[in-house]
Protein chains: 2
Amino acid sequence: MATGGNSDGIDWLSYPHEVLAVVLSVRRGQLCVLLWRRARAPFRGRWSLPGGGVEPDERLRDAITRHLATKVDVRELAHREQLATHSAVGRDPRARVLATAYLGLVPSDVDPALPSDTAWQPVDDLPPLAFDHHFFIDAAVERLRAKLSYTNIGFALAPHEFAISELRDIVSAALGYDVGATNLTRVLSRRHMIESTRRTASSGATGGRPATLYRFATRHLTVTDPFAVLKPPRHGADTTEH
Amino acid sequence: MATGGNSDGIDWLSYPHEVLAVVLSVRRGQLCVLLWRRARAPFRGRWSLPGGGVEPDERLRDAITRHLATKVDVRELAHREQLATHSAVGRDPRARVLATAYLGLVPSDVDPALPSDTAWQPVDDLPPLAFDHHFFIDAAVERLRAKLSYTNIGFALAPHEFAISELRDIVSAALGYDVGATNLTRVLSRRHMIESTRRTASSGATGGRPATLYRFATRHLTVTDPFAVLKPPRHGADTTEH
DNA sequence: ACAAAAGTGTTGGTCGTACACCCATGC
DNA sequence: GCATGGGTGTACGACCAACACTTTTGT
């Protein structure tokens, strides 16, 4: 809590800053979050979000990437975005620490090697958590579920190529309720979010028609339904100022 | 950049932290942002966002409220939410400073007394800005415009009671294009976002039918259109786990 | 042939925009 | 009465969920 250095003309107070990652992925049909079991007090033995400090030459996003790569061996985030910064004075009982959390998404088909003290935990059945990490997870799940309906964020949870039924299972797990494969195909196709590779998967042991393999048109976050209502006028002159 | 104190078991580095406010409001038919003219280097004479440091016992949201109240005399934020935390190493040329920005909204009918070095500036025609404040403003406008279509956030830009035509002007200014009063009424009514007071405004000097006064049903942020697509199943059992 | 899984056609309902028409007031 | 602005009714289209039906495979 030293000052930032009056000699520079900055007289704002300094605080320890940590970055946390809410890494979500669909595992065994359930939306899961990557948690890490604390070895030391406070909250010894409780589960917590992976993360840590920030180096002097490092942006927050690089810091969280580094921590995930070194401590947890997660290098394959398909998507990452900042969630929020928490600043409650007592959120860490040892000292005041500001925390910036990120949302990270891992496709269901990549299986990073995890140390023995980390595990995927279903978000619907979480153990008690350390600090205020519970709030970050709630915010992450809420944001993911919201964005699934008006962006292409689903690409980050799905394999590079997939059958529609696989995607249905992933989206259903993420949203927490069943979605129909029929309408999922139609909605995503109409918005040009997915496109058919012309190839098919081999049908399973029990028979059935082989599924066409699809892929997401882009692997970058895109807003696909910007205005649910109050759309800009369609015909007539564009009345936007300037 | 001192450490957080190894004696506490926290060995994360500390950084000066500032809060910034992107206060938006509709003024004279334009969406405007509250800016403050810098009196000192760096960026002397440039416009910048109001804000400042964080006290040891103060959360970020309380810090931005304090700065707005004391420096700029804005006490009447109808809505406030966190936007993002920026951490680029060179964002302040003097030293590394982390910045957390908030979005604030002021109704069009409240007119806070502003010091001479602060002013409302139209977001469509901004002067050159200090630091990276430009990015925060872009993010704030983008978030406001997005939320106008699926939440009741408009309440924070409108007076407590209003005629539909007033609201149309406010929403049009915020979105940057014209919306029709007819459909605005229908959409907001169907979603129970606005309700009629049974009173009417007196008609203007030029005549015309007196307008009914409306109010927003609630003055807290509510999501009114949670799922544009991929809605939960309507009939049949709820398949949400648990 | 039959079961299983994938994909298509169709229907009905909801929602939102556009536009025409009616209502209430001042002059 | 007429201009002005506020409010309502209706029509059309876009979109989406539900479900029946067809297609393609394995056994």
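Values in this document were obtained by computation on a predicted structure and should not be read as measured data. Each chain gets a letter, A, B and so on, in the order its sequence line appears, and its residues count up from 1.
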Which of dA18(D), dG6(D), dA6(C) is nearest the side chain of N183(A)? It is dA18(D)
Any side-chain heavy-atom pair of W47(A) and L126(A) under 4.5 Å
no
Rounded to whole Å, CZ of R191(B) lies from P of dT14(C) at a distance of 15 Å
One should read off an interatomic distance between F216(A) CZ and H160(A) NE2, to the nearest 0.5 angstrom, of 11.5 Å
(Q) Just to be sure I understand the rule, does T185(A) reach a base, reach only the sugar-phosphate, or reach nothing, if contact means heavy atoms closer than 4.0 Å? (A) nothing
Could you check whether the rings of F162(B) and Y214(B) sit parallel, tilted or perpendicular, using 30° and 60° as the cut-offs? parallel
Considering only heavy side-chain atoms of R209(B), the closest of dT24(D), dC16(D), dG5(D) is dG5(D)
Residue pair L49(B) / L35(B), side-chain heavy-atom distance below 4.5 Å:
yes
Of Y214(A) and T206(B), the one whose nearest nucleotide on DNA chain C sits closer to the 5' end is Y214(A)
* For the pair L114(B) and W120(B), evaluate side-chain contact (heavy atoms from CB on, under 4.5 Å) and give the outcome as yes or no after the intermediate values. => CA-CA 9 Å; L114(B) 299 181; W120(B) 296 102; 3.6 Å; yes
- Check every strand shown and say whether T200(A) touches a base, only sugar-phosphate, or nothing at a heavy-atom separation below 4.0 Å. nothing
Between CD1 of I164(A) and P of dG7(C) the distance, given in whole Å, is 7 Å
Rounded to whole Å, the OH-P distance (Y177(B) to dT17(C)) equals 9 Å
By nearest-heavy-atom nucleotide on DNA chain D, the more 5' of T182(A) and L213(B) is L213(B)
Rounded to whole Å, CG of L184(A) lies from C1' of dA18(D) at a distance of 15 Å
Rounded to whole Å, the CZ-P distance (R199(A) to dG7(C)) equals 14 Å
In whole angstroms, the gap separating P of dG16(C) from CG of L188(B) amounts to 10 Å
- Sub-3.5 Å donor-acceptor pair from the side chain of R91(A) to the main-chain atoms of H86(A), do we have one? no
note: R168(A), atom CZ; dA6(C), atom C1'; distance rounded to Å ~ 10 Å
Rounded to whole Å, the CZ-P distance (R190(A) to dG13(D)) equals 16 Å
Side-chain atoms of V187(B) come closest, of dT17(C), dA6(C), dT24(D), to dT17(C)
Write down the protein N/O and nucleotide N/O pairs, taken from nucleotides 10-13 of chain C, whose separation is under 3.5 Å; answer none if there are no such pairs.
residue: dT10(C); atom: O4; partner: R186(A); partner atom: NH2; Å: 3.1

Only one of V33(A), L144(A), D138(A) passes side-chain contact (heavy atoms from CB on, under 4.5 Å) with V123(A), and that residue is V33(A)
Checking dA6(C), dT25(D), dG5(D) against the side chain of A211(A) (C-beta onward), the nearest is dA6(C)
